[in-house]
Amino acid sequence: MSLIELLGSGMYDICAYYLLLKLLGIGNSKMVVLAASIVSKSGKVLVSRQFVDMTRIRIEALLAAFPKLVGTGKQHTYVETENVRYVYQPIEALYLLLVTNKQSNILEDLETLRLLSKLVPEYSVSLDEEGVCKTAFELIFAFDEVISLGHKENVTVAQVKQYCEMESHEEKLHKLVLQSKINETKDVMKRKASEIDKSKIEKNRGEKGGFMSLQSMGSGRIESTFNDMSISSSGGGGFGSGSGFGLTTDIDSFSTKSKGRPSSSATAPPKGLGMQLNKTQKANQFLESLKAEGEVILEDVHPKAGPTRSAAPPLTDPITLSAEERLNVTLKRDGGVSNFDVQGTLSLQILNQEDGLIQVQIETGSNPGILFKTHPNINKELFSNENILGLKDPNRPFPTGQGGDAAGVGLLKWRMQSVDESDVPLTINCWPSVSGNETYVSIEYEASSMFDLRNVVISVPLPALREAPNVRQIDGEWRYDSRNSILEWSILLIDNSNRSGSMEFVVPPADSSVFFPISVRFTAAKTFSDLKVVNVLPLRGGPPPKFSQRTTLITENYQVV
């Protein structure tokens, strides 16, 4: 009887057997682990990692034979066949198993098995079939850190966890390069979209008799010289030549379309077409490659809660007076006004300290519903009697410079509240109607003749849609914000030529309340107060200093609920 058979019969303690093998030098050849596996006691293979070249049929045959070889009531943790040795350890209802060749060092095999048995609970949530299967890849990565090409690495449990959690420098570099390419592609798309926007706006300008001129284009933004603020300047008494101030205003790019988004024309194009930058084959191939990678061609421009304005142009005149009114309106969908509130301010900006000793003479409109309130430092009696804004202390100059408050020094505030619908500059009527499997939505606007409205954006909420709505008729431009499910209707200018307009679109069946509240934003160069600066009076004598006036009306919160 061989030594293995003698000891396998249970006549000696297994530990003495390992020691005897070590002393006799048996099994000193370098170990080779063929596979590390986790199997159920019924023989189902959950995880198996091979470390030598072997076919799938071979490893499946070896693992399938293991449950038949394991006996009950034995103290051994190994089983041998003619070709391989199974070194295993029970883990609750599972077996952690090493398949090695018969020449491997069983002491090192047991040490490897012991290390793996400590790693399995670290990565598996529960020691059952479901928990092991959920963390199969994590276990395989951990096994690879312990065994390399069939030989045990000199590592600990903490080191294995650290190695598995470490970041890959190559992966980070690859992601940085990929993100850089994506950003570069987006920049190219923005530039191309800006060129398209510019050509469309110039075309619209030509159709409207050249009323609008473009100064510059940015990424999805149009800086317009519509002159959002009316400007007057004076070098002496009364009005003089203007200094040419303009206010740059952001306009969302309504003609830019992302993947799957129809054009802004009245009739939607066939589905599946992305934005076409030009008709050249090279550009089309470029877009197709982007769409194949799942890249959105242009970033969505989200509607903003309040008015969108860029920074005011730098001051050139010594004295600038800015009159601004903010409009808060809530209209009822069935007609009527829930809230109408106008708050205005007149601010003063002075460049040079020597121009600080002044008084401002103004002229207010004939609106009896407006209540004016002066700054605490302003002489109220002088304002009440002569409509002149001056400090209580005539020897004290107004603050100068732009380093502090960019809005200047507040001189006057006013407020107007009303429930009269005729005071509303823009009314919106929305008529949803369900017909069969479609909802037809008709929206129309009516603008007051008091104001010319610029950069009008009407945002209509929509139900969750798989594709853009079918816009059948529109006066202006439209854009579908798929992320927020909002249809934006844009009119660059509402004047006497288009005091009313309409839009009609079709969506799947939806409740009428889905399309509310409708948000509106716009600007105007005229105010409800119709406040004007008549003259700037120097307190030290001499000619009146040159000044300019800016006037604007903006929407702060304008909704139809």
Is the number of heavy atoms from other residues, nucleotides or ligands within 6.0 Å of CG (N437) greater than 12?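 Result for CG/N437: open.
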May I ask you to check whether over 12 heavy atoms, not counting those of K380, lie within 6.0 Å of atom NZ?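 Yes - once you tally the heavy atoms of other residues, nucleotides and ligands closer than 6.0 Å, there are more than 12.
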Quick one: closest heavy-atom pair of [X] and [Y], and the distance?
X: T439; Y: A510; answer: OG1-N, 3.1 Å
X: S124; Y: T135; answer: CA-OG1, 3.5 Å
X: L453; Y: A524; answer: CD2-CB, 4.2 Å
X: P461; Y: S459; answer: CD-O, 3.8 Å

Mind checking salt bridge (charged side-chain N to carboxylate O under 4.0 Å, His left out) for [X] and listing every partner two or more places apart, or none if nothing turns up?
X: D187; value: none
X: K175; value: E171
X: K161; value: E122
X: D128; value: none

Strictly by modelled atom types, are T427 and E421 linked by a side-chain donor-acceptor pair under 3.5 Å?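 Note: T427 and E421 side chains miss the donor-acceptor criterion.
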Stepwise salt bridge (Lys or Arg N to Asp or Glu O under 4.0 Å) test for K186 and E184: CA-CA 5 Å; K186 288 181 179 179; E184 183 179 355; over 6 Å; no
Within 45° cone of F516 ring axis and under 6.0 Å: R333 NZ or CZ: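 Judged by the rule (NZ or CZ under 6.0 Å from the ring centre, within 45° of its axis), R333 counts as positioned above F516.
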From [X] atom [atom1] to [Y] atom [atom2], the distance as rounded to the nearest 0.5 Å:
X: Y558; Y: N339; atom1: OH; atom2: CG; result: 11.5 Å
X: H375; Y: L389; atom1: NE2; atom2: CG; result: 11.5 Å
X: L492; Y: R454; atom1: CG; atom2: CZ; result: 11.5 Å
X: N328; Y: F340; atom1: CG; atom2: CZ; result: 10.0 Å
X: L346; Y: S529; atom1: CG; atom2: OG; result: 9.0 Å
X: F515; Y: I486; atom1: CZ; atom2: CD1; result: 13.0 Å

Charged N to carboxylate O under 4.0 angstrom, [X] versus [Y]?
X: E60; Y: R56; value: yes
X: K532; Y: E363; value: no
X: E477; Y: R479; value: no

Student check: side-chain heavy atoms of [X] and [Y] closer than 4.5 Å:
X: W431; Y: V441; result: no
X: E170; Y: L173; result: no
X: V360; Y: L321; result: yes
X: V457; Y: V520; result: no
X: S40; Y: E129; result: yes
X: F505; Y: N470; result: no

Output every pair passing salt bridge (Lys or Arg N to Asp or Glu O under 4.0 Å) with a member in residues 498-513, not counting sequence neighbours, ordered by first then second residue.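 Applying salt bridge (Lys or Arg N to Asp or Glu O under 4.0 Å) to every pair that reaches into residues 498-513, excluding sequence neighbours, yields D452-R499.
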Show your working on side-chain contact (heavy atoms from CB on, under 4.5 Å) between F141 and L139 and close with a plain yes or no. CA-CA 5 Å; F141 296 151; L139 290 171; over 6 Å; no
List the steps, then state whether side-chain contact (heavy atoms from CB on, under 4.5 Å) holds for L331 with V337. CA-CA 5 Å; L331 304 176; V337 180; 3.9 Å; yes
Identify every side-chain donor-acceptor pair in residues 411-418 under 3.5 Å, counting partners at least two apart or on other chains, and give the distances.
from : atom 1 : to   : atom 2 : distance (Å)
W414 : NE1    : E325 : OE2    : 2.8
R415 : NE     : D341 : OD1    : 2.7
R415 : NH2    : D341 : OD1    : 3.1
Q417 : NE2    : D341 : OD1    : 3.3
S418 : OG     : D420 : N      : 3.0
S418 : OG     : D423 : OD2    : 2.7

Using ring centroids (six-membered ring only for Trp), state whether F451 and F528 fall under 6.0 Å.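 Yes, the ring centres sit under 6.0 Å apart.
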Residue that, paired with W489, satisfies ring-ring contact (aromatic ring centres under 6.0 Å, His included) out of W478, Y480, F522, Y445: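 Exactly one pass, corresponding to Y445.
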Take I554 and L327 through the test side-chain contact (heavy atoms from CB on, under 4.5 Å) and record every step on the way to the result. CA-CA 6 Å; I554 61 176; L327 189 59; over 6 Å; no
Please determine whether side-chain contact (heavy atoms from CB on, under 4.5 Å) holds for the pair S502 and Q473, giving the CA-CA distance in whole Å, both sets of side-chain angles, and the decisive distance to 0.1 Å. CA-CA 8 Å; S502 61; Q473 183 272 328; 3.2 Å; yes
Are any side-chain N or O atoms of S180 and backbone N or O atoms of L176, one a donor and one an acceptor, separated by less than 3.5 Å?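 Side chain of S180 to backbone of L176, a donor-acceptor pair under 3.5 Å: no, none is there.
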